[in-house]
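Step one of this worksheet: look at the structure below.
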Amino acid sequence: TVKNPPQNPPPRPPPETRRKRV
Amino acid sequence: GPILLDTYRVIADFTKTSKHEIDLHTGDLVEIVEKNQNGWWFCQGESKRGWIPASYLEPLDGPEEAEEGEPDYEGEMFVTHKAYKAEQRDEISLEVGETISVIHKLLDGWWVVRKGEQTGHFPSMFLHRAGRQEV
């Protein structure tokens, strides 16, 4: 139902936020 | 009936890098309609829709929410179909066609993989399943 996702890897979590990420 | 979408809070600014992505600002709330395991999630906003990185989001209802599976230390065999050169210290460089074990499938799309003595994060979008590992 949605377009294909980007073909490049998503960015890594910003270091200062890694503890909070999903 | 209405479809309840998961809402997430943006934890860092993100500038889109291709046409079907959207910019994010810290503190924004976004609703997610599709969670691709490669780490790109599809956001449906009031005025814009597009792909955004899961790594820039935290669940609105309880950051402790466990959507992520547990690590599997035995590992699941996958094969790389694209090479990747590590850019950060916790990543692993692999060539095309390498068979590796996936230890932890992280929601941000950067899975923890093991090859021999080496362990590191690798983009899940460059992996395909090689079949279950025999015990």
Side-chain angles (χ1 to χ4, degrees), chain A, chain B residues 6 8-22 24 26 32-44 49-60 63-68 82 84 86-91 106-111 121-127:
Chain A
T1 59
V2 292
K3 293 181 185 303
N4 290 330
Q7 296 305 299
N8 52 308
R12 296 293 308 280
E16 68 275 17
T17 61
R18 276 193 195 190
R19 279 178 53 245
K20 298 199 298 182
R21 69 180 170 74
V22 292
Chain B
D6 290 341
Y8 290 80
R9 184 185 291 111
V10 175
I11 57 175
D13 290 348
F14 170 71
T15 303
K16 69 179 193 174
T17 57
S18 68
K19 196 169 74 173
H20 298 302
E21 300 167 31
I22 56 175
L24 297 174
T26 306
I32 300 300
V33 295
E34 184 182 319
K35 297 176 180 178
N36 195 297
Q37 69 172 8
N38 66 22
W40 288 108
W41 288 6
F42 198 83
C43 161
Q44 176 75 70
R49 57 206 298 263
W51 295 98
I52 57 179
S55 56
Y56 280 59
L57 308 175
E58 66 175 357
L60 185 61
E64 302 304 318
E65 180 187 21
E67 287 187 76
E68 211 153 64
K82 193 164 180 182
Y84 174 76
E87 293 179 0
Q88 296 189 33
R89 292 180 64 183
D90 62 352
E91 297 172 3
L106 297 168
L107 290 174
D108 65 22
W110 288 84
W111 291 357
H121 292 271
F122 192 82
S124 63
M125 64 164 55
F126 296 162
L127 299 172

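As the structure is a prediction and not an experimental result, all values here were calculated from the model. Each chain gets a letter, A, B and so on, in the order the sequences are listed, and its residues count up from 1.
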Close side-chain approach of A:Pro5 and B:Phe42, heavy atoms under 4.5 Å: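 They are not in side-chain contact.
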Chi angles and distances behind the side-chain contact (heavy atoms from CB on, under 4.5 Å) call for B:Ile52, B:Val10: CA-CA 10 Å; B:Ile52 57 179; B:Val10 175; 5.9 Å; no
Under 4.5 Å from any heavy atom of chain A - which part of B:Asn36: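 Just the side chain, heavy atoms under 4.5 Å.
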Interface moiety of B:Ser124 toward chain A, non-hydrogen atoms closer than 4.5 Å: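 The answer is neither part of B:Ser124.
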If we define contacts as heavy-atom pairs under 4.5 Å, which of B:Phe14, B:Trp110, B:Tyr84 has the most with chain A?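 Top count of heavy-atom pairs under 4.5 Å with chain A: B:Trp110.
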Might you confirm whether atom NZ of B:Lys82 has over 12 heavy atoms from other residues, nucleotides or ligands at distances under 6.0 Å?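 No, NZ of B:Lys82 has 12 or fewer neighbouring heavy atoms, counting only those of other groups under 6.0 Å.
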Ignoring hydrogens and angles, state whether a donor on the side chain of B:Thr26 or B:Asp13 is under 3.5 Å from an acceptor on the partner side chain.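 Checked: B:Thr26/B:Asp13 side chains pair up, N/O donor to acceptor below 3.5 Å.
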